[in-house]
K.L.:
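Before I ask anything, let me first share the structure, which is written out below as structure tokens.
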Amino acid sequence: MEFIVANFAPIMFAGLICFLLMGFPVAFSLGACGLFFGLVGVELGVFQSSVMAWLPQRLIGIMANDTLLAVPFFTLMGLILERSGMAEDLLDTVGQVFGPMRGGLALAVIFVGALLAATTGVVAASVISMGLISLPIMLRYGYDRRLSSGVIAASGTLAQIIPPSLVLIIMADQLGKSVGDMYKGAFLPGFMLMGLYVLYVVFLAIFKPAQVPALPLEARTFREPDGGGGYASLVAITALSAVVAFFLAHNMEAVHTWFQGEPVTFVATDEKVVVAMCGGVFVALVIALINKGLKLNLLSRLAERVTFVLIPPLLLIFLVLGTIFLGVATPTEGGAMGALGALVMAWARRRMSFSLLKQALGSTTRLSSFVMFILIGATVFSLVFQAADGPIWVEHLLSSLPGGPVGFLIAVNLLVFFLAFFLDYFELSFIVVPLLAPVAHKLGIDLIWFGVLLAVNMQTSFMHPPFGFALFFLRSVAPEKQYVDRVTQKVMEPVTTMQIYKGAVPFVLIQLTMVGMLIAFPQIVTGALDKEVKVNLDDIGSQMRDSLKPEDGGPAADPYGAPAEGEPSNEPAAATEPQAPVATPEAAPESSGESDPMKAMQDALKPPPGKP
């Protein structure tokens with residue numbers, strides 16, 4: 001028994017692993033393990049029975065957490081947009097834009113994956129949508145099956161890291177940080193990861209062009225009557241939008257000064273990017289609407305299609321993220337606004353129906369309930385684990401690693417990488433992150449950077465062969481048998497499971513490269529955050545003392561009753577003659593004008609010797 005009491009925390013953690021290996025759902029494994037070891041700990045005297053009485057208050061705190069309301073709002077927004085046909089229109093349109101170049105369809109999948117990530121925030125929705133829509137097209141025109149599978153699965157996982165990601169909301173809640181700060185920190189790494197995917201496809205287009213052929217001429221549907229592609233007007237309206245965005249970004253301080261009515265000398269970079277891009281795409285939308293309403297025929301079919309398909313979701317993204325970054329709305333309020341905007345967009349596209357709303361609400365309820373049950377189970381487990389001094393055991397285990405903070409980060413990322421084979425990001429966020437965060441904080445690691453780093457690492461959990469969830473989602477929609485293509489009427493070979501696994505490997509390596517870049521260059525995350533305001537208490541005390549001095553520059557009057565030098569006193573004349581300093585409590589107030597006021601007050605309140 002003494003051994004169990006002395007090693008209660010590691011035995012409890014091993015017990016959780018046993019519960020999981022037995023096949024129980026994670027939420028119930030966490031709750032059952034917590035309750036079981038809670039009863040054992042009380043019986044063995046590891047902690048008091050009153051610990052279990054704290055559990056109801058903890059559960060009520062979960063229900064009262066406003067931050068978690070952002071999860072159902074963003075989920076509902078994404079599901080409505082995805083089921084209203086937005087993903088299909090985006091893939092079709094962007095595929096037509098990039099189709100004439102080698103690897104164009106793969107680039108279209110990456111860009112649309114990033115857009116879906118910024119609107120849905122749900123990996124399953126992104127992967128299944130792109131798998132159903134783009135995979136048959138890529139196979140039809142001769143794309144390598146491994147590349148097609150890998151690029152679809154990897155692009156879908158961008159929903160992990162590009163705001164408004166659900167995992168970032170959970171991560172911020174577990175780390176005790178602002179969701180807005182977490183979004184700001186993840187903004188640049190998310191798009192850098194997308195850029196690495198693009199570079200990989202460009203590399204294949206240059207050195208292995210047979211794997212990424214261009215779209216044939218007969219497959220380019222948005223063509224002008226004269227046979228042209230219509231790229232001139234598309235480039236023109238894109239350039240005009242870029243000029244407007246650049247002008248806004250360059251003069252953002254002046255715009256803020258005009259809007260607020262008071263001088264503004266500094267605007268954060270992320271705010272400049274979001275607001276400037278919002279202004280640029282809004283100008284393009286206005287031009288397209290005027291052109292169509294007045295039938296000016298200034299834009300080609302392709303330019304009009306791109307404008308009307310891409311800009312509404314882009315405006316919704318910038319509106320939601322912009323209000324969060326600017327501090328106008330909380331993430332919960334931004335999510336509610338996004339859900340309402342998605343409903344309006346679906347209605348405007350005439351695809352809003354009761355069955356669509358019912359399906360979206362049902363899926364949102366299931367996912368939100370899944371998150372809440374895991375959080376409740378994790379709370380039960382963490383309550384007992386903390387009572388048994390589990391965090392101290394973890395801290396001693398990790399803080400003694402060689403290499404200091406860098407060694408800690410390497411060990412933690414290796415641990416998360418291997419745990420991600422078996423646990424998804426929700427489970428990792430609720431089980432592992434609360435144990436690692438205190439150690440990271442003690443080592444002086446910025447928790448926003450730490451959270452974004454773990455989120456990028458957890459993204460690999462969707463791509464690990466053979467356990468990656470994104471691979472399972474793609475396998476469920478990829479053809480398993482020979483089929484006849486509906487356009488070319490050719491017999492197409494199926495996509496094998498091994499081809500999906502092989503296609504995922506290069507993208508897992510790219511994700512791990514991004515993890516290494518974040519460790520080596522933390523400014524990628526921390527550079528977008530607001531600078532922490534440091535308070536110097538000595539300066540504040542000096543300002544307080546200066547404020548007590550009279551305006552005419554004379555000596556300060558004692559705020560506790562002693563007259564200033566040169567002022568008349570009610571004491572007898574003898575008392576005003578120079579006296580030797582006496583170290584008695586009664587003399588302390590007389591010197592308080594020359595020392596710290598708070599210290600003088602404390603000394604004045606001390607009773608004289610011999611008095612109670």
K.L.:
Can you list the residues that meet the side-chain contact (heavy atoms from CB on, under 4.5 Å) rule with Val281, with sequence neighbours excluded?
P.N.:
Ile311, Leu314, Leu315, Phe318
K.L.:
Which distance, rounded to the nearest 0.5 Å, do you find between the CG of Leu107 and the OG of Ser155?
P.N.:
9.5 Å
K.L.:
By the definition side-chain contact (heavy atoms from CB on, under 4.5 Å), identify the one residue from Val71, Leu68, Ile324, Leu69 that meets it with Thr332.
P.N.:
Leu69
K.L.:
Could you label the plane-to-plane angle of the Trp393 and Phe13 rings as parallel, tilted or perpendicular, counting under 30° as parallel and over 60° as perpendicular?
P.N.:
tilted
K.L.:
With sequence neighbours excluded, tell me which residues meet side chain to side chain donor-acceptor pair (under 3.5 Å) with Gln359.
P.N.:
Arg83
K.L.:
Can the ring centres of His464 and Phe469 be said to be less than 6.0 Å apart?
P.N.:
no
K.L.:
Residues two or more places apart in sequence or in another chain: which of them pass side chain to side chain donor-acceptor pair (under 3.5 Å) with Tyr183?
P.N.:
none
K.L.:
ring-ring contact (aromatic ring centres under 6.0 Å, His included): which pairs involve residues 156-176, sequence neighbours left out?
P.N.:
none
K.L.:
Treating Gln459 as the side-chain partner and Thr157 as the backbone partner, does any N or O pair qualify as donor plus acceptor under 3.5 Å?
P.N.:
yes
K.L.:
How would you list all residue pairs meeting salt bridge (charged side-chain N to carboxylate O under 4.0 Å, His left out) that involve residues 439-457, not counting sequence neighbours?
P.N.:
Glu395-Lys442
K.L.:
Under 3.5 Å, is there a donor-acceptor pair linking the side chains of Ser363 and Arg366?
P.N.:
yes
K.L.:
Just to verify, what does Phe8 make a ring-ring contact (aromatic ring centres under 6.0 Å, His included) with, not counting sequence neighbours?
P.N.:
Phe37
